[in-house]
Amino acid sequence: MALRFFNTLTQRVEEFSPVRDNTVRMYTCGPTVYSYAHIGNFRAFTFYDLLRRWLRARGFTLEHVMNITDVEDKIIRGAMAEGKTLDQYTAGYTQAFLDDCAVLRLEPPERLVRATEHIQEMARSIRELGEKGYTYRSEGSVYYRIARFPEYGKLSHKNFSGILAGARVDVDEYDKDDARDFVLWKAPKNGEPFWETEIGPGRPGWHIECSVMAIQYLGQTLDIHAGGIDLTFPHHENEIAQAEALTGQPFARFWLHTEFLLVEGQKMSKSLGNFHTLRDILGRGYQPEAVRYLLASVPYRKQLNFTFDGLKSAAAAIERLRSFKLRLETARMPAPGDPSMAARARQALAVFESALDDDLNTAEALAAVFEFVREANTRMDAGEFPSSAVPPSLALLDRFDSVFDVLRPALSQGAIGDAEIQALVAERAQAKKARDFARADQIRQQLLDQGVVLEDTKDGARWKRK
RNA sequence: GGCGCCGUAGCCAAGUGGUAAGGCAGAGGUCUGCAAAACCUUUAUUCAGCGGUUCGAAUCCGCUCGGCGCCUCCA
């Protein structure tokens, strides 16, 4: 079956293909760089990465744009509190974000765009919206008039015909005509940074940057727009209102939203003390691959309960796969014969792929891999795993790792070199031959202290980095 | 108050009408100089609970209980 995704817009799983020339034009909402990104943020970014990788695995070319929001209330507050310019304040957090992404092996998008580098484009779009009658001014700020956009609510499937009874409506926003109206452009006030533009001085509201930059780099209609589920309303709804008013075209064909991450069953919050940045977690000694695996292993539309137990499980699962791969690469197999194992590997690959095709069902895809691993190990133990089954088995692991990317261990600085390890392994083999087990165990421990695990097999010792 | 999601073994989790995937953890065993790895056996007659529809339900419907989200900045 073909690749398909759940589309928030239609509330259905739909077959996906890009609108033209095999290129997927995709926009994802990136970070607001006012502090370090937390593990919940990285659930979304990991999802973008899996999506990218699977689209490419399926033969599509990517044109992926992600924004960095580097002007916004919290940033301004933070910068002013520290007496820094916006640039000074955001540069560090932007770099930290990029570093964290690299640690988690998140592929950079084709284009990373900053809001502050597109202020004039935003101002022009706001002017155009005004010319089309979608805006009004109030005390120097510009607002979007939702009453002019009847389709408002079509993404989040909200019905605005009644009053938002019980909802907390910001009573301070007295300068808006309608509670749903949102600010496009904020007038400068008391020392806050602002830009001189064709619509006057000020700074952009949050929603406009995404519409403007997406259209600028990807065209009027995107194939995919993705983000966290909490962005569905109002952010993405507002993006649609802006973009479609501007172009008259559908803004995005597929809207994909990631569910929330919980920590130990509860919403992450600073007051609960369960607020974790990636740095915190790695600082506790967990491997980045384990974090990546855990975030990837739960299908993106399910809430993910992040626990440190789960992180340990993830690390153990990765170890199992690494050991299997090492065994495939190092063990001596009998000559080609029974073709059933090779066929089984190809079948597992097909199941793996169709699971990911099905709205990125990573849990089911993983099951296909592990099921094969167990069967293959059993056959190897029995000496019935022919060498001809090795290439299709490695092909399965390659496909798996092209998406999950957890098999390659992260090399720590100052790690012992391969040549040195091999010398020690050889020395230990000699010691074992001489039945000097004390020396052999000493070498094994010495390697272990340096993060290298040595395992004896009937074909001799093999080693791997931990 | 409105809208929506979820509740499957100790933990994570797939499965949405045909008789319970997978991972981790635990127990016992095989192999091993010792380890490690791997394998085998074992852990849900049952899918929050109660009713209903059906030849047949974890899967559909109703009610109850419990958890979560959005409606406000938020991945």
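Not measured: the values here are computed from a predicted model. In what follows, every chain begins at residue 1, and chains take the letters A, B, ... in the order their sequences are listed.
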Chemist: Can you figure out which of C34(B), G33(B), A37(B) approaches the side chain of A440(A) most closely?
Modeler: G33(B)

Chemist: What do the steps show when you test M268(A) against I39(A) for side chain to side chain contact (heavy atoms under 4.5 Å, CB included), and what is the final call?
Modeler: CA-CA 9 Å; M268(A) 183 166 44; I39(A) 189 66; 3.8 Å; yes

Chemist: When rounded to the nearest Å, what value does the distance between C1' atoms of U43(B) and C24(B) take?
Modeler: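 It works out to 13 Å between them.
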
Chemist: Closest nucleotide of RNA chain B for Y293(A) versus for T32(A): which of these residues is on the 5' side?
Modeler: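 Whichever sits nearer the 5' end wins; that is Y293(A).
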
Chemist: Does atom NZ (K84(A)) have a neighbourhood of more than 12 heavy atoms from anything else shown, all under 6.0 Å?
Modeler: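 For K84(A), atom NZ is crowded (more than 12 foreign heavy atoms under 6.0 Å).
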
Chemist: Is there a donor N/O on one and an acceptor N/O on the other, under 3.5 Å, for the side chain of R327(A) and the base of A38(B)?
Modeler: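 For R327(A), whose side chain was compared with the base of A38(B), there is no donor-acceptor pair (under 3.5 Å).
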
Chemist: Examine the side chains of Y217(A) and H118(A) and answer whether a donor and an acceptor come within less than 3.5 Å of each other.
Modeler: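 Distance-only check passes for Y217(A) and H118(A).
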
Chemist: When the C1' atoms of C47(B) and A14(B) are considered, how many whole Å apart are they?
Modeler: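 Between the two C1' atoms, the distance is 13 Å.
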
Chemist: Suppose you measure atom C1' in C39(B) against the same atom in U32(B); what distance do you get, rounded to whole Å?
Modeler: 14 Å

Chemist: Please determine if R301(A) and E259(A) form a salt bridge, counting it only when a charged side-chain N lies under 4.0 Å from a carboxylate O.
Modeler: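 Answer for the salt bridge query: no.
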
Chemist: If the C1' atom of G52(B) is compared with that of U59(B), how far apart are they to the nearest Å?
Modeler: 15 Å

Chemist: We want to know whether T8(A) and H257(A) form a side-chain donor-acceptor pair, criterion being a heavy-atom distance below 3.5 angstrom.
Modeler: yes

Chemist: If I take atom NE2 in residue H225(A) and atom P in nucleotide A75(B), what distance separates them, rounded to the nearest angstrom?
Modeler: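 In whole Å, A75(B) P and H225(A) NE2 are 13 Å from each other.
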
Chemist: Rounding to an integer number of Å, can you tell me how far L261(A) CG sits from G69(B) P?
Modeler: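 L261(A) atom CG is separated from G69(B) atom P by 12 Å.
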
Chemist: On RNA chain B, does the nearest nucleotide to R462(A) precede the nearest nucleotide to F437(A) from the 5' side, or the other way round? Give the residue.
Modeler: F437(A)

Chemist: Can you list the stems that RNA chain B is part of, where a stem is at least 3 pairs in a row, each Watson-Crick or G-U, with both distances below 3.5 Å?
Modeler: B:1-7 with B:65-71, B:10-12 with B:22-24, B:26-30 with B:38-42, B:48-52 with B:60-64

Chemist: Using the P atom as the reference point in each nucleotide, state the distance between U64(B) and G28(B) in Å, no decimals.
Modeler: 47 Å

Chemist: Please pick, from A75(B), A38(B), A35(B), the nucleotide with the shortest atom-to-atom distance to any side-chain atom of S323(A).
Modeler: A38(B)

Chemist: Counting any heavy atom closer than 4.0 Å, what does H38(A) reach on the DNA or RNA strands: base, sugar-phosphate only, or nothing?
Modeler: base

Chemist: With a 4.0 Å cut-off, would you call D49(A) and R105(A) a salt bridge?
Modeler: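 No, no charged N to carboxylate O under 4.0 Å.
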
Chemist: Would you mind reading off the distance between R379(A) atom CZ and C40(B) atom P, rounded to a whole angstrom?
Modeler: 13 Å

Chemist: Under 3.5 Å, is there a donor-acceptor pair between the Q242(A) and N238(A) side chains?
Modeler: no

Chemist: Please state how far atom CG in L262(A) lies from atom C1' in A75(B), giving the value in whole angstrom units.
Modeler: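 Atom-to-atom, L262(A) to A75(B), this comes out as 13 Å.
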
Chemist: Where along nucleotides 3-22 of chain B does protein come under 4.0 Å, by heavy atom, of base (B) or sugar-phosphate alone (S), with - for untouched nucleotides?
Modeler: ---------SSSS-----BS

Chemist: May I have the distance from L155(A) (atom CG) to C70(B) (atom C1'), rounded to whole angstrom?
Modeler: 12 Å

Chemist: Look at the side chain of D456(A) and decide which nucleotide, out of C70(B), G33(B), A38(B), has an atom nearest to it.
Modeler: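 The answer is G33(B), which lies nearest to the side chain.
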
Chemist: Could you state the CG-P distance from D436(A) to C34(B), rounded to the nearest angstrom?
Modeler: 17 Å

Chemist: What does F233(A) touch in the nucleic acid at a heavy-atom separation under 4.0 angstrom: a base, only the sugar-phosphate, or nothing?
Modeler: sugar-phosphate

Chemist: Any donor-acceptor pair under 3.5 Å linking the side-chain atoms of S323(A) with those of K464(A)?
Modeler: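 Side chains of K464(A) and S323(A): pair found under 3.5 Å.
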
Chemist: Between A27(B) and A35(B), how many Å separate the two P atoms, rounded to a whole number?
Modeler: 16 Å

Chemist: Any side-chain N or O of N41(A) below 4.0 angstrom from OP1/OP2 of A75(B)?
Modeler: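 True: N41(A) side-chain N/O within range (under 4.0 Å) of A75(B) OP1/OP2.
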
Chemist: Which value, in whole Å, describes the distance between the C1' atoms of nucleotides G15(B) and A9(B)?
Modeler: 15 Å

Chemist: Do the side-chain N and O atoms of R114(A) and N67(A) include a donor-acceptor pair separated by under 3.5 angstrom?
Modeler: no

Chemist: With rounding to the closest Å, how many angstrom separate the C1' atoms on C61(B) and G17(B)?
Modeler: 13 Å

Chemist: Look at the side chain of D441(A) against the base of G33(B) and say whether a donor-acceptor pair falls under 3.5 Å; ignore hydrogens and angles.
Modeler: yes

Chemist: Is the Y93(A)-Y34(A) ring centre distance short of 6.0 angstrom?
Modeler: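 No, too far apart.
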
Chemist: Whole Å only: how far is the CZ atom of F260(A) from the P atom of G67(B)?
Modeler: 19 Å

Chemist: What is the distance from CG of D381(A) to C1' of U32(B), rounded to the nearest Å?
Modeler: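 Taking atom C1' of U32(B) as the reference, CG of D381(A) is at 13 Å.
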
Chemist: Under 3.5 Å, is there a donor-acceptor pair between the H64(A) and R111(A) side chains?
Modeler: no

Chemist: Counting side-chain heavy atoms from CB outward, which of G33(B), A75(B), C73(B) is closest to K432(A)?
Modeler: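 Nucleotide nearest to K432(A)'s side chain: G33(B).
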
Chemist: Under 4.0 Å, heavy atoms only, any strand: does R428(A) hit a base, just the sugar-phosphate, or nothing?
Modeler: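 Here R428(A) touches the bases of the nucleic acid.
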
Chemist: Between Y36(A) and H276(A) (judged by ring centroids, cut-off 6.0 Å), do the two rings come close enough to count as a pair?
Modeler: no

